[in-house]
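As the structure lists them, so they are numbered: ligands from 1, and atoms in each ligand from 1.
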Amino acid sequence: MRLSRAFLPTLKETPAEAQIVSHRLMLRAGLVRQTSAGIYAWLPLGWRVLQNVARIVREEQDRAGAHEVLMPTIQSAELWRQSGRYDGYGKEMLRIIDRHDREMLYGPTNEEMITDIFKTYAKSYRDLPRNLYHIQWKFRDEVRPRFGVMRGREFLMKDAYSFDLTAEGAQHSYRQMFFAYLRTFQRLGLKAVPMRADTGPIGGNLSHEFIVLAETGESGVFYDSRFEASDWASTVTDYDDVAGLKQAFDDVTSVYAATDEMHDAAAFDALAPESRREGRGIEVGHIFYFGTKYSAAMGLEVPGPDGRKVAPEMGSYGIGVSRLVGALIEANHDDAGIIWPDAVAPYRAAILNLKQGDAACDAMCDQLHAALGDDSIYDDRSERAGVKFADADLMGFPWQAIIGPRGAAAGKVELKRRATGERDELTVEEALVRIRT
Ligand code: 5CA
């Protein structure tokens with residue numbers, strides 16, 4: 001993509017309303033534009049990152065055996081009356097009346113709808129276990145939307161729902177999602193600590209939040225320093241190995257980590273003092289096991305092996321996909337701007353032509369741009385070098401291929417790694433190999 005023809009609007013001024021660095025950078029680098037309080041339009045750069053995050057989330061859900069569907073954003077109030085949550089959900093629910101005076105709502109979550117869908121098709125225990133998920137916009141009329149996409153009113157969530165015949169089966173499904181989450185966050189380059197958590201309006205008695213440590217996070221957290229070094233995501237390779245998964249789960253969850261709501265001061269104080277960590281974090285995922293709460297309330301039951309009807313044991317599993325874009329920036333930035341991890345970068349490389357119109361510079365840039373194609377942004381504007389450097393740093397592409405008249409005459413590209421600032425003089429071929437690996 002040629003920058004002169006792209007829609008990559010950056011802002012010179014730091015927007016006054018943005019209180020945390022990720023929000024400031026998302027506005028300055030032109031990732032999003034607020035259209036109403038807590039509601040954002042995604043501009044090309046932000047949209048590409050959001051899709052990359054969603055793709056990694058999707059690949060790990062599929063790998064764990066979940067099936068993707070797409071449910072609507074608008075739901076009928078009737079469904080929520082069946083579960084008893086319609087009145088209880090309160091002002092956070094955006095309620096809508098259609099032209100026939102029917103009560104509708106913009107879904108804040110989908111337990112009711114998925115239970116109703118599954119009920120139509122599940123005929124016997126042989127239809128269990130199943131896990132269905134979607135990646136869809138949600139609406140919660142938050143009292144205080146803030147920090148940009150971190151706490152929006154409209155936001156993109158991945159939500160999965162599991163159905164099992166037995167409580168043991170449901171716990172296995174829960175552990176599958178638990179490890180799918182660890183893998184997802186690891187691939188995104190984030191250290192997300194699973195913490196015992198409160199279940200809130202979703203209900204149930206087993207729940208973990210996945211928290212990315214960050215000073216600007218909204219949750220207070222207490223954890224064992226072992227979470228800083230360990231790699232639990234890689235301990236699970238076979239999602240069907242029931243005993244192996246339980247062992248791996250018990251290993252991780254025996255190490256102390258809890259949000260302030262669930263904090264056990266006595267257990268925390270019993271740790272060796274050097275391993276106690278206290279801080280703040282961003283909740284990027286939250287998983288729940290709630291038994292038959294929704295299946296029983298909504299009449300979902302199937303004949304078991306003995307012919308007797310049973311209500312499936314359920315769990316639900318959320319990831320804040322749009323919130324993750326903010327969390328990624330909180331974890332990866334410097335004074336100059338964003339530093340995208342390779343896995344989610346909107347473009348792998350920026351090609352900076354320092355002398356537009358110089359035959360050798362233009363030819364070398366064209367050659368690089370043709371070879372990298374869709375994965376690169378070619379800054380072909382007639383701007384000063386300083387402007388090009390600043391914009392590439394702000395937008396955070398992992399590589400910058402810098403081409404000036406002196407280098408071009410010698411057949412050399414200066415390749416800069418955004419994360420480390422390291423620079424190397426390379427031939428075009430050498431630069432391409434480096435960018436592609
Ligand atoms: N039904 C369950 C699991 S699917 C559920 O709704 N869980 S939740 O309420 O914890 O939301 C799941 C995830 O969505 C959270 O962990 C968080 O990362 C994200 N999220 C929740 N509220 C917002 C919000 N207002 N803005 C951005 N992301 C949010």
Whether [X] engages the ring of [Y] as a cation-pi pair (distance to the six-membered ring centre under 6.0 angstrom, angle to the ring normal within 45°) should be assessed.
| X | Y | value |
| --- | --- | --- |
| Arg175 | Phe249 | yes |
| Arg276 | Phe222 | no |
| Arg140 | Tyr106 | no |

Item to complete: Under the side-chain hydrogen bond (donor to acceptor under 3.5 Å, both in side chains) rule, collect the residues that match up with His333, sequence neighbours excluded.
Response: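 Residues passing side-chain hydrogen bond (donor to acceptor under 3.5 Å, both in side chains) with His333: none at all.
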Item to complete: Would you indicate whether the side-chain heavy atoms of Gln19 and Phe147 approach each other to under 4.5 Å?
Response: yes
Worksheet entry | Residues in the immediate environment of ligand 1 (any heavy atom closer than 4.0 angstrom) | Thr109, Glu111, Arg140, Glu142, Val149, Met150, Arg151, Gly152, Phe155, Met157, Asp159, Ile202, Glu283, Val284, Gly285, His286, Phe288, Ser316, Tyr317, Gly318, Gly320, Arg323
Worksheet item: When the ring planes of Tyr256 and His263 are compared, do they come out parallel, tilted or perpendicular, using 30° and 60° as the limits?
Response: perpendicular
